Protein chains: 2
Amino acid sequence: MAENRSARVRRGRPRQAEVARLAGVSQTTVSVVLGGNKQGIVLHPDTTARVLEAARELGYVPDPAARRLAAARNNLLGVFSFTATFPTAVEHSYYPFLVGVEQEAAARGYDLVLFTGSSAGAQSGTSGALERVRLADGCLFLGRHIPAGELRRLVEHGYPAVHIGRRDELDGLAWVGADYVEATAEVVRQLAKLGHRRVMLVREDDDAPASTDRERGFREALATAGLAGADPVVRAAHPAAEITPAWLRDRYAEGVTAFVAEETDTGAAWRALLAAVEGAGLDAPSDVSLALLGSPPADLAGRPQPTGFDIPRAELGAAAVRALTGLLTTGEAESPLVACAFRPGSTAGPAPVH
Amino acid sequence: MAENRSARVRRGRPRQAEVARLAGVSQTTVSVVLGGNKQGIVLHPDTTARVLEAARELGYVPDPAARRLAAARNNLLGVFSFTATFPTAVEHSYYPFLVGVEQEAAARGYDLVLFTGSSAGAQSGTSGALERVRLADGCLFLGRHIPAGELRRLVEHGYPAVHIGRRDELDGLAWVGADYVEATAEVVRQLAKLGHRRVMLVREDDDAPASTDRERGFREALATAGLAGADPVVRAAHPAAEITPAWLRDRYAEGVTAFVAEETDTGAAWRALLAAVEGAGLDAPSDVSLALLGSPPADLAGRPQPTGFDIPRAELGAAAVRALTGLLTTGEAESPLVACAFRPGSTAGPAPVH
DNA sequence: CTCCTTGACTAATACGCATTAGTCCGCGTT
DNA sequence: AACGCGGACTAATGCGTATTAGTCAAGGAG
């Protein structure tokens, strides 16, 4: 009778009020029951059961916005990347991180909201785009270049945020990152153990923390191994043009027997090294040893595995989620560094006897 | 005096009410001004200016939760994949869809909620797992095998859902799909034009709509070209075992000069064909022509491009988003078929003169 | 000198949920 | 007989914004 303008016909999701009607109780009771009755209100077991049943029957799911507004939490974690999360060029994709994020979030009972701010943020560039993340209880950020101003606002207002990748310059912003210093040092140690006395690092001309850390680990390990000498680091803004066969032959003649390249989006430094070695008529690993501080670009998958290390992207994503949920619950996050795994590969071998 | 528990001290961000106080107007006016006054209320320019100034001074930013609550609209689209978790491999076939989904969603001002089999079902076992998607205003579904029962419930309740890939069996479920019938027909027409009189289709033993459609397009095009004859379709449950060099040589001897393989996750049919041709000592395209009804598996990227067609995955994802937003706004979705692009490739050539 | 307009705003309310402060009833106490 | 008390709920309110109905002067029409 009252049934004809009933809830089933109504377009849109069911509300607590509908559940309440069906169960014959008040909206308050529904909220209490579905909220797990944390306030310890005395409820008859039958009532609880009826509410639960009604909720199931209607397929009730709480509205995240309302929940958030009522000063509770959503169980939503945001992911915001400063470039498209799913770019057309798979090499720049954040997908591997997302896999870890996804799993860890699921395990902890959170759903993920992918904020699509930057990708086709046609209009944006205007401020305010970042504010949307407040819909979620907390948010993960990733990308090379961050809009520091906006992010700072969020953080200063106490919004729980975790950046994937080291980010010290923004005070108070939590982050998780790969331990490039240690991973790079390990690569150098391996090369030293193979008898190499002179090792060079080829890096791109960029001051991202990821690059700086590698250089630091590189220099520290050299020093520790007593291999300090002429400046062992080359910055190449355009690796393809600067790391030529001629250049490589010169270094080789000077006694450099191992070359280490930084990994970047494009893999330019590594490509240049490979080309230069080939162009110089040398062979790796018999003549010179090569190592890559990261994973090879996807299109080089067929080539022999480079000696170096793998960035545990999925693990980083998971660690980020742990840090974020830590912020949400206890207020503090755990240790931010994740170790990289050494990858033996086959581009490095014993130093040749000159 | 009332000032000492003032807004500046208050932790958190300014509300419209604070802006209103500073500008000496009502909260309503603030909302109207900052909302761009879409309702065309007459406001004195000075008032508008004062409000804007006050908002700037306080650094006002609207609360997305409140905004969405008031608008009764979350601007959230769900993405649900039926695999246990988001597939780890970037080269997995879902990735390209996501590219289009993200772009189109961003362009339309929607954010994405990512659901996976695991996240949705976490504790509750399987039943009710899908209900979680109600959190979003509408949801995209993708995957080969769908839990029909649960999805039906959602659709019957009027929940806006769009499946990526044809899905007729579930009445009322909207979908977008690639036009395999036409794309396959085009491939056959091209082969016919090259002089092939006998063409065979190798497909896996699966009745997914994607397979059925290709077979239909294949048979129709053959008929139209007047090439009907002995049964031109082989179903292979284990292509590697059934499509052998011997089998291929037999067909070749019978006058079959072109082979067409269906594309699937594994690419098994195509791999088997390639191997069989090679094993039989034949060459494509000089002896036999080969075509692939889809894109080659990633690990065959180095091989010559197969003749065939490309599934416009990103475009499909975008079309799905358009369909879903169509459902949300106007209540009806647009045309569900997306055309595939013919790919000339280099595995098909003129029929040999027998 | 009333009776509309128009301009310029504002009061009230809805959105869906969580929470705080009750209400109501039946049973035992002094 | 008035009183208290625990059990079992519910009414009322707040969160921050967007909207829908007003309100209230100051002019102009009649």
Side-chain angles (χ1 to χ4, degrees), chain A residues 7 10-21 23-51 54-55 58-76 128 131-132 134-135 137 157 159, chain B residues 7 10-52 54-55 58-76 134-137:
Chain A
R10 170 172 180 178
R11 182 158 182 66
R13 27 134 76 75
R15 324 272 123 132
Q16 285 189 347
E18 263 109 76
V19 176
R21 219 165 296 145
V25 298
S26 72
Q27 178 263 320
T28 303
T29 305
V30 174
S31 174
V32 169
V33 169
L34 298 182
N37 193 359
K38 301 190 202 303
Q39 41 278 307
I41 290 181
V42 195
L43 288 173
H44 195 98
D46 291 359
T47 306
T48 302
R50 281 208 323 281
V51 169
L58 294 180
Y60 171 80
V61 173
D63 179 322
R67 225 185 160 125
R68 195 74 185 128
L69 186 57
R73 43 187 42 184
N74 263 353
N75 282 307
L76 286 184
E131 291 291 332
R132 311 196 345 276
R134 284 185 191 278
L135 179 66
D137 291 345
H157 283 317
Y159 184 78
Chain B
R10 173 173 179 175
R11 181 154 184 68
R13 322 149 26 247
R15 322 277 122 133
Q16 285 189 347
E18 264 108 74
V19 176
R21 218 165 297 146
L22 182 58
V25 298
S26 71
Q27 176 264 319
T28 302
T29 304
V30 173
S31 174
V32 169
V33 170
L34 298 182
N37 192 2
K38 300 189 205 304
Q39 41 277 307
I41 289 179
V42 194
L43 289 174
H44 194 98
D46 292 358
T47 307
T48 302
R50 279 206 327 281
V51 170
L52 257 19
L58 295 180
Y60 170 80
V61 179
D63 179 333
R67 193 174 225 171
R68 294 178 190 214
L69 180 57
R73 231 317 178 64
N74 277 316
N75 279 329
L76 288 181
R134 285 184 193 264
L135 191 153
D137 295 338

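This structure is a prediction, so every number in the text was calculated from the model and none was measured. Chain naming here is simple, since letters A, B, ... match the order of the sequence lines and numbering starts at 1 in each. Worth knowing before you read on, the calculation uses all heavy atoms, side chains too, and leaves out hydrogens, waters and symmetry mates.
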Legend entry - Thr28(A) vs dA12(D): side-chain N/O to OP1/OP2 distance below 4.0 Å: no
Legend entry - Atom pair distance, as rounded to whole Å: CD1 in Ile41(B) and C1' in dA21(D): 10 Å
Inset, instruction - Hey, could you give me the CG/CZ distance between Leu76(B) and Arg68(B), rounded to the nearest 0.5 Å? - result: 5.5 Å
Inset, instruction - In whole angstrom, give the distance that lies between atom CZ of Arg68(A) and atom P of dT17(D). - result: 14 Å
Inset, instruction - Would you indicate, yes or no, if dC9(D) has its OP1 or OP2 atom less than 4.0 angstrom from a side-chain nitrogen or oxygen of Thr29(A)? - result: no
Inset, instruction - Answer whether the closest heavy-atom distance between the side chains of Glu18(A) and Arg13(A) falls below 4.5 Å. - result: no
Inset, instruction - Rounded to the nearest angstrom, tell me the gap between atom CD in Gln16(B) and atom P in dA11(C). - result: 15 Å
Inset, instruction - To the nearest 0.5 angstrom, please state how far the CG atom of Leu69(B) sits from the CG atom of Asp63(B). - result: 9.5 Å
Inset, instruction - Using only heavy-atom distances, decide whether a donor-acceptor pair under 3.5 angstrom links the side-chain of Gln27(B) to the base of dA18(D). - result: yes
Legend entry - Length of the line joining Asn37(A):CG and dG7(D):P, which is rounded to integer Å: 13 Å
Inset, instruction - Go through the N and O atoms of the side chain of Ser26(A) and the base of dA11(D), and report whether any donor-acceptor pair is under 3.5 Å. - result: no
Inset, instruction - For the residue pair Ser31(B) and Thr28(B), confirm or rule out a side-chain donor-acceptor distance under 3.5 Å. - result: no
Inset, instruction - Measure the distance from CG on Leu34(A) to P on dT19(C) and round it to the nearest whole Å. - result: 13 Å
Legend entry - Distance, rounded to the nearest Å, where Leu69(B) contributes CG and dG14(D) contributes C1': 12 Å
Legend entry - Toward the 5' end of DNA chain C, by each residue's nearest nucleotide, Pro62(A) or Val25(B): Val25(B)
Legend entry - Distance, rounded to the nearest Å, where His44(A) contributes NE2 and dC24(C) contributes P: 22 Å
Inset, instruction - Select one nucleotide: of dA8(C), dT17(D), dC17(C), the one nearest the side-chain heavy atoms of Val42(B). - result: dA8(C)
Legend entry - Between P of dC17(C) and NZ of Lys38(A), the distance in whole Å: 16 Å
Inset, instruction - With the side chain counted from C-beta on, respond yes when Leu34(B) and Tyr60(B) share a heavy-atom pair under 4.5 Å apart, and no when they do not. - result: yes
